[in-house]
Amino acid sequence: MSYIESVIERIKARNPYEKEFLQTIEEVFKSLEPVIEKHPEYVKANILDRLAEPERQIMFRVPWVNDDGKLIVNRGYRVQFNGAIGPYKGGIRFHPSVYIGIVKFLGFEQIFKNSLTGLPIGGGKGGADFNPKGKSNGEVMRFCQSFMMELQRHIGPDVDVPAGDIGVGGREIGYLYGQYRRVKKVFENGVLTGKGLTYGGSLIRTQATGYGLMYFVEEMLKHNDISLVGKRVLISGSGNVAIYACEKATEMGAKVVAMSDSSGYILDENGIDLDTIKRLKEVERKRISEYLKENPTATFTKGWGNIWNEKCDVALPCATQNDIDLEKAKKLVENGCIALGEGANMPTTNEAIDYLLEKGILLAPAKAANAGGVATSALEMSQNSMRYSWTAEEVDKKLKSIMINIHTNASKASKEYGFGYNLVAGANIAGFRKVADAMLAQGNY
Ligand SMILES: NC(=O)C1=CN([C@@H]2O[C@H](COP(=O)(O)OP(=O)(O)OC[C@H]3O[C@@H](n4cnc5c(N)ncnc54)[C@H](OP(=O)(O)O)[C@@H]3O)[C@@H](O)[C@H]2O)C=CC1
Ligand SMILES: O=C(O)CCC(=O)C(=O)O
């Protein structure tokens with residue numbers, strides 16, 4: 001058994017029920033084999049075992065009263081995974097599937113992603129098993145207030161800075177910040193990112209993950225002498241990341257023909273009418289099938305995951321984890337897909353990643369490709385510290401240059417450690433080295 005395999009076995013034994021966390025551990029650590037060989041100092045300092053153990057994980061009760069006057073109890077989480085290079089940073093997810101294994105997978109991935117941005121942010125993530133779907137604004141507000149009553153003890157602009165993720169957007173960040181300010185009595189708006197523009201939010205943060213994804217995918221295609229113009233694109237999801245990936249892809253000359261939500265997908269051969277999607281999803285919070293009312297030539301197909309049966313050149317999973325398994329990956333290849341850009345976190349299973357790489361599909365891994373969101377959050381933190389705001393053009397320019405740098409660093413690391421042009425391995429290695437070196441320098445914590 002190799003050193004890495006023995007580390008993975010130890011981590012499995014310590015966390016037997018956290019399957020998503022174990023999935024990312026295997027994916028990341030397996031690509032670190034040549035790094036460990038070249039740098040025995042990481043083995044001596046037991047960096048991998050230390051990296052896999054969160055610095056702190058907090059789990060708490062979130063009681064709140066629904067519109068019928070019933071007291072409901074949810075479970076809240078914040079995992080402060082690694083603070084070696086900066087304050088913990090990462091989103092909060094509200095979804096009924098949330099449990100510690102999901103929060104830990106997201107927090108672990110965040111360590112490497114945040115390191116890749118080149119900005120001083122450590123890795124963390126949080127959430128609750130609360131389902132915002134179908135809840136009134138009042139219910140969502142009371143839930144957020146109760147969630148923050150506990151969370152506020154553990155966060156701060158120099159400690160831990162949460163933001164949005166699935167089920168947490170501008171509305172929720174507003175309620176969370178309102179409660180934080182009420183309890184703390186200070187206007188300390190650097191404690192959360194993704195805020196509204198009237199109280200310290202950054203221009204372009206809403207668009208940043210989707211735009212950043214497309215800047216990265218464009219760079220990856222350019223590196224391989226391929227243009228995005230005229231390419232047929234499928235996007236899973238129709239939330240924050242999916243919407244702005246669609247906007248930028250269309251602006252870059254690609255044709256997005258399908259988007260989805262958990263009920264199914266719409267296919268529109270005329271190209272997605274994004275104004276309708278934005279209204280349905282950002283304003284009215286409706287199901288995607290409603291799209292057909294205004295676009296009667298489009299079709300709706302029921303069922304999660306079916307979108308990947310459609311033909312495409314570029315696939316952009318922008319919804320949730322494990323969206324593309326081996327069977328879907330085979331379907332994509334069979335249908336002529338040439339590139340896959342991960343907007344969501346861990347949307348592709350490990351078996352599917354191996355298969356796609358083996359078939360020569362260009363794969364932009366989440367840690368690199370969706371890092372534009374957290375990078376712009378870090379830019380929001382800088383603006384809050386300076387008590388100053390950059391223009392949309394300034395933020396967008398910084399975002400683009402960060403995404404291009406991430407591509408350069410991931411491709412260089414991949415080449416240096418013998419993987420050729422493999423951005424999956426390259427992103428893991430480049431993200432790892434900075435954090436590992438910071439941990440080495442800081443002693444045995
Ligand atoms: N927001 C950000 O800045 C960043 C987000 N990400 C990642 O991108 C992905 C999408 O996030 P975001 O767009 O913010 O989230 P949203 O809540 O805005 O949108 C999520 C979308 O995914 C769909 N979906 C389908 N199945 C599921 C499922 N099982 N669980 C959750 N969602 C599902 C949702 O449909 P339905 O409404 O029917 O549930 C919805 O269309 C996530 O993986 C997130 O971790 C990564 C980096 C930054
Ligand atoms: O902007 C942030 O801090 C959160 C981003 C995030 O959760 C992610 O990158 O997955």
Side-chain angles (χ1 to χ4, degrees), residues 20 79 86-98 102-103 105-114 116-117 119 121-127 131-134 155 160-173 191-195 201-202 204-213 235-246 259-266 277-278 280-282 285-289 303-307 316-323 341-348 366-381:
E20 295 83 0
V79 173
Y88 311 107
K89 183 85 195 87
I92 293 174
R93 176 176 292 191
F94 290 166
H95 192 270
S97 63
V98 167
I102 289 205
V103 185
F105 116 64
L106 290 163
F108 185 73
E109 296 250 313
Q110 203 81 42
I111 302 171
F112 304 92
K113 182 194 309 193
N114 293 4
L116 283 169
T117 66
L119 301 166
I121 38 178
K125 199 85 184 196
N131 186 0
K133 239 179 252 159
I155 61 175
D160 182 356
V161 182
D165 189 80
I166 289 175
V168 177
R171 172 182 64 170
E172 291 74 18
I173 293 292
V191 69
L192 288 171
T193 61
K195 298 181 292 291
S202 174
I204 304 294
R205 175 60 189 92
T206 305
Q207 296 86 346
T209 311
Y211 281 17
L213 170 67
I235 301 183
S236 68
S238 47
N240 174 265
V241 180
I243 286 176
Y244 293 96
C246 179
M259 288 181 87
S260 66
D261 66 16
S262 58
S263 67
Y265 74 94
I266 48 153
I277 294 282
K278 281 186 180 175
L280 288 175
K281 292 298 179 179
E282 294 183 329
R285 299 177 194 275
K286 287 193 174 152
R287 301 284 76 202
I288 204 157
S289 52
W304 178 244
N306 290 333
I307 190 171
L316 302 175
C318 293
T320 193
Q321 63 277 357
N322 293 330
D323 183 356
E342 297 187 328
N345 285 308
M346 205 171 76
T348 316
K367 289 178 210 80
N370 75 26
V374 77
T376 307
S377 276
L379 299 178
E380 182 171 329
M381 289 163 71

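These numbers come from a predicted model, not from an experiment. Every number for a ligand or one of its atoms is a count from 1 in the order of the listing.
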Notebook entry, point to check: Which heavy atom of D323 sits nearest a heavy atom of P317, and at what distance?
Noted result: OD2-CB, 3.9 Å
Next item on the list: Looking only at protein heavy atoms, identify the closest one to atom 4 (C) of ligand 2 and say how far it is in Å.
Entry: G91 N, 3.4 Å
Margin query: Below 4.0 Å from ligand 2: does a non-hydrogen atom of A371 turn up there or not?
Written below: no
Note to self: Counting only heavy atoms, tell me which of L106, N114, T117, V374 gets closest to atom 5 (C) of ligand 2.
What the structure shows: V374
Checklist line | Nearest-neighbour protein heavy atom for atom 7 (O) of ligand 2, which is reported as residue plus atom name and distance | finding: K125 NZ, 2.6 Å
Checklist line | Which atom of M381 lies closest to which atom of T193, heavy atoms considered | finding: CG-CG2, 3.8 Å
Note to self: Working to the nearest 0.5 angstrom, can you tell me the gap between K278 NZ and I243 CD1?
What the structure shows: 7.5 Å
Item checked: Subset of ligand 2 atoms that lie under 4.0 Å from at least one heavy atom of A163 -> 1 (O), 2 (C), 3 (O), 4 (C)
Notebook entry, point to check: Looking at side-chain heavy atoms only, is the closest gap between I155 and V161 below 4.5 Å?
Noted result: no
Notebook entry, point to check: What do we get for N345 next to ligand 2 when only non-hydrogen atoms under 4.0 Å count, side chain, backbone, both or neither?
Noted result: side chain
Next item on the list: List the atom of A344, the atom of T320, and the distance in Å for their closest heavy-atom pair.
Entry: CB-N, 3.8 Å
Notebook entry, point to check: Of the protein's non-hydrogen atoms, which lies at the shortest distance from atom 9 (O) of ligand 2, and what is that distance?
Noted result: K113 NZ, 2.7 Å
Notebook entry, point to check: To the nearest 0.5 Å, how far apart are CE in M346 and CG in L106?
Noted result: 7.5 Å
N/O pairs closer than 3.5 Å, ligand 1 and protein:
from, atom 1, to, atom 2, distance (Å)
ligand 1, 3 (O), R205, NH1, 3.4
ligand 1, 3 (O), R205, NH2, 2.9
ligand 1, 3 (O), T209, OG1, 2.7
ligand 1, 13 (O), N240, N, 3.1
ligand 1, 13 (O), V241, N, 3.0
ligand 1, 17 (O), G167, N, 3.0
ligand 1, 18 (O), N240, N, 3.0
ligand 1, 30 (N), H95, NE2, 3.2
ligand 1, 35 (O), S262, N, 3.4
ligand 1, 37 (O), R287, NH2, 3.2
ligand 1, 38 (O), S262, N, 2.9
ligand 1, 38 (O), S262, OG, 2.5
ligand 1, 38 (O), R287, NH1, 2.9
ligand 1, 38 (O), R287, NH2, 3.0
ligand 1, 39 (O), K133, NZ, 2.8
ligand 1, 41 (O), S238, N, 2.9
ligand 1, 41 (O), S238, OG, 3.4
ligand 1, 43 (O), A319, O, 3.3
ligand 1, 43 (O), N345, N, 3.1
ligand 1, 45 (O), R93, NH2, 3.0
ligand 1, 45 (O), D165, OD1, 2.6
ligand 1, 45 (O), D165, OD2, 3.4
ligand 1, 45 (O), N345, ND2, 2.8

Notebook entry, point to check: Minimum heavy-atom separation for N114 to G122, with atom names?
Noted result: ND2-O, 2.8 Å
Note to self: Suppose we measure from atom 3 (O) of ligand 2 to each protein heavy atom; which comes out shortest, and what is that distance?
What the structure shows: K89 NZ, 2.6 Å
Item checked: R93 contact mode with ligand 2 (heavy-atom cut-off under 4.0 Å) -> neither
Note to self: Looking at every non-hydrogen atom in both residues, tell me the closest pair between P162 and I92 and how far apart they are.
What the structure shows: CB-CD1, 3.5 Å
Margin query: Looking only at distances, can you tell me whether any N or O atom of N370, backbone or side chain, sits closer than 3.5 Å to an N or O atom of ligand 2?
Written below: no
Check: How many angstroms lie between OG in S238 and CD1 in I266, if you round to the nearest 0.5 Å?
Finding: 7.5 Å
Note to self: Restricting to non-hydrogen atoms, name the atom on G341 and the atom on L213 that form the minimum distance, rounded to 0.1 Å.
What the structure shows: C-CD1, 3.9 Å
Next item on the list: Measure the distance from atom 1 (O) of ligand 2 to every protein heavy atom, then report the residue, atom name and distance (to 0.1 Å) of the closest one.
Entry: S377 OG, 2.5 Å
Notebook entry, point to check: Can you tell which of K113, Q110, E20 makes a side chain to side chain donor-acceptor pair (under 3.5 Å) with N345?
Noted result: K113
Next item on the list: Have a look at K281 and tell me which of M259, K286, R287 forms a side chain to side chain contact (heavy atoms under 4.5 Å, CB included) with it.
Entry: R287
Check: So is E109 close enough to ligand 2, meaning a heavy atom under 4.0 angstrom away?
Finding: no
